[in-house]
Amino acid sequence: MELIILLICGGLTIITSLLVIFARNTVHSALWMVASFFFMAVLYLLLQAEFIAILQIIVYAGAIMMFIIYAIMMLNLRQEERAPMRKTKVVGVVALLVLFLELLVVAVGRGLLAIKGPVTDQLMAKFGHIAVLSNFLFSDYVLPFELASILLTAGVVGAVILAKQKSE
Amino acid sequence: MYLSGNLNTYLVVALFLLILGLYGMIQHRTFIGMLISTELILNGAGLNFMAFNRFLAPNPAVGQIFTLFIMGIAAAEAAIGVSVILAVYRRYQTSDPEKVDDLHG
């Protein structure tokens with residue numbers, strides 16, 4: 001059962017990502033992106049990360065796609081709609097293919113083996129998912145957490161300043 | 001069961017996300033398309049972190065925290081990216097990266 005869901009959602013993630021890249025219209029591309037985020041949220045659920053799955057939908061499909069759709073709305077993209085892709089650069093595509101094959105060998109190969117640590121699925125189920133996560137977040141990782149909040153504040157202020165109309 | 005409960009399936013999906021994102025980065029003709037491709041790449045990274053976290057990590061919460069931070073960084077990056085695109089569009093009246101090519105406008 002899990003295998004079927006994994007294969008369907010993994011395949012659909014790949015297919016919707018293909019549609020994101022090859023859609024002729026930028027708005028369609030953004031909407032396929034939302035679909036792709038939803039299927040990835042299902043993959044996160046299969047990895048037993050409910051909190052991250054919900055955040056994936058709220059943050060990516062909600063907030064970030066809103067940004068991008070607003071940007072499409074404010075720009076006049078109509079003249080580019082006919083040809084969303086530029087002429088293929090052969091060298092770049094060949095390099096990309098080589099990279100793809102290389103990483104595929106690593107990803108499908110069986111060299112990635114390790115031992116599971118002390119925090120098992122049972123422990124996660126016992127204490128609740130968010131409890132374990134926030135314990136780490138607010139003790140060991142409190143410095144990156146605060147840095148992330150500074151980064152987000154700086155991002156918001158910088159975005160407002162950059163996008164502000166010049167008053168003169 | 002080879003595929004289910006296996007790291008490799010997730011890695012292949014993340015690999016496709018990375019490669020499609022890179023392809024979009026070099027092929028798209030608008031800044032918005034490049035921004036969307038960047039989101040694909042970051043998503044692939046997040047999926048990789050989650051998969052390694054689930055199957056290999058000595059401490060299965062760390063990868064999820066990393067994914068959280070990736071989401072935060074992606075949000076900040078999208079905000080800054082969109083406003084930079086707007087500022088460039090206001091100055092050059094285009095969103096084609098190839099046309100934005102003079103150094104002192």
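Computation of the quantities below employed the complete heavy-atom set of this structure, encompassing side-chain atoms and omitting hydrogens, waters and symmetry-equivalent molecules. First the proteins, then the strands, lettered A, B, ... as listed; each starts at 1.
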Bottom line for Glu77(B): the part with an atom under 4.5 Å from chain A's heavy atoms is neither
From the list Gly155(A), Ser17(A), Gly11(A), the residue making the most non-hydrogen contacts under 4.5 Å with chain B is Ser17(A)
If one checks every heavy atom of Leu17(B) against chain A at 4.5 Å, the contacting part turns out to be side chain
If you tally heavy-atom pairs under 4.5 Å between each of Ala14(B), Ala78(B), Gly81(B), Ala74(B) and chain A, the highest tally belongs to Ala74(B)
In this structure, CD1 of Ile72(A) is separated from OG1 of Thr30(B) (nearest 0.5 Å) by 8.0 Å
Among Ala87(B), Ala79(B), Gly46(B), the residue with the most heavy-atom pairs under 4.5 Å to chain A is Ala79(B)
d(Leu99(A) CG, Tyr23(B) OH) to nearest 0.5 Å is 15.0 Å
CZ (Phe49(B)) and CG (Leu47(A)) are apart, to the nearest 0.5 Å, by 14.0 Å
Counting heavy-atom pairs under 4.5 Å with chain A, the top scorer among Leu68(B), Leu47(B), Leu35(B), Ile85(B) is Leu47(B)
### Query
Would the number of heavy atoms belonging to other residues, nucleotides or ligands and lying under 6.0 Å from CZ of Phe66(B) be above 12?
no
Greatest number of non-hydrogen atom pairs under 4.5 angstrom with chain B, of Phe37(A), Tyr70(A), Phe100(A), falls to Phe100(A)
Max heavy-atom pairs within cutoff under 4.5 Å with chain A, candidates Leu22(B), Leu86(B), Ile65(B), Leu18(B), goes to Ile65(B)
Here the gap from Ser36(A) atom OG to Leu20(B) atom CG, rounded to the nearest 0.5 Å, amounts to 9.5 Å
